[in-house]
Student: 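Pasting a structure here, questions to come.
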Amino acid sequence: MSLDVHLATLEQRHSALDDEIVSAKAKPAMSDAELRELKRRKLQLKDEIERLRASAD
């Protein structure tokens, strides 16, 4: 898989998690722990995207 394709995939997953977090905030059934986990996964993706972009330069 090329770096561009991998980055695009990670960015799509990051965006999907962002949408899921926004949706979860509107649901009272979502626990704080579940919301924290979603945010943690989103941050991990962001860090990986930034690391890959930095290594490509």
Student: Nearest 0.5 Å, please: how far is NZ in Lys46 from CG in Asp18?
Tutor: 11.0 Å
Student: About how many Å separate NE2 of His14 and CG of Asp47, when rounded to the nearest 0.5 Å?
Tutor: 9.0 Å
Student: Under 3.5 Å, is there a donor-acceptor pair between the side chain of Thr9 and the main chain of Val5?
Tutor: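 Checked: pair present.
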Student: What about Leu10 and Leu3, same hydrophobic cluster or not, with Ile/Leu/Val/Met/Phe/Trp/Tyr joined at side-chain heavy-atom distances under 4.5 Å?
Tutor: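 Yes: a chain of side-chain contacts under 4.5 Å links Leu10 to Leu3.
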Student: Got Glu48 and His6 here, is their nearest side-chain heavy-atom distance under 4.5 Å?
Tutor: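 Sidechains of His6 and Glu48: in contact.
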Student: How many angstroms lie between atom CD1 of Ile49 and atom CZ of Arg13, to the nearest 0.5 angstrom?
Tutor: 9.0 Å
Student: For residues 26-35, please give each side-chain donor-acceptor pair under 3.5 Å, one per line with the distance, not counting sequence neighbours.
Tutor:
residue : atom : partner : partner atom : Å
Ser31   : OG   : Glu34   : N            : 3.1
Ser31   : OG   : Glu34   : OE1          : 3.2
Glu34   : OE1  : Ser31   : N            : 2.9

Student: For the atom pair CD1 (Ile21) and NZ (Lys42), what is the distance rounded to the nearest 0.5 Å?
Tutor: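 Rounded to the nearest 0.5 Å, the CD1-NZ separation comes to 5.0 Å.
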Student: According to a 4.5 Å side-chain heavy-atom criterion applied to Ile, Leu, Val, Met, Phe, Trp and Tyr, with indirect links allowed, do Leu52 and Leu45 form part of one hydrophobic cluster?
Tutor: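 Yes, it is one cluster - the side chains of Leu52 and Leu45 are joined through contacts under 4.5 Å.
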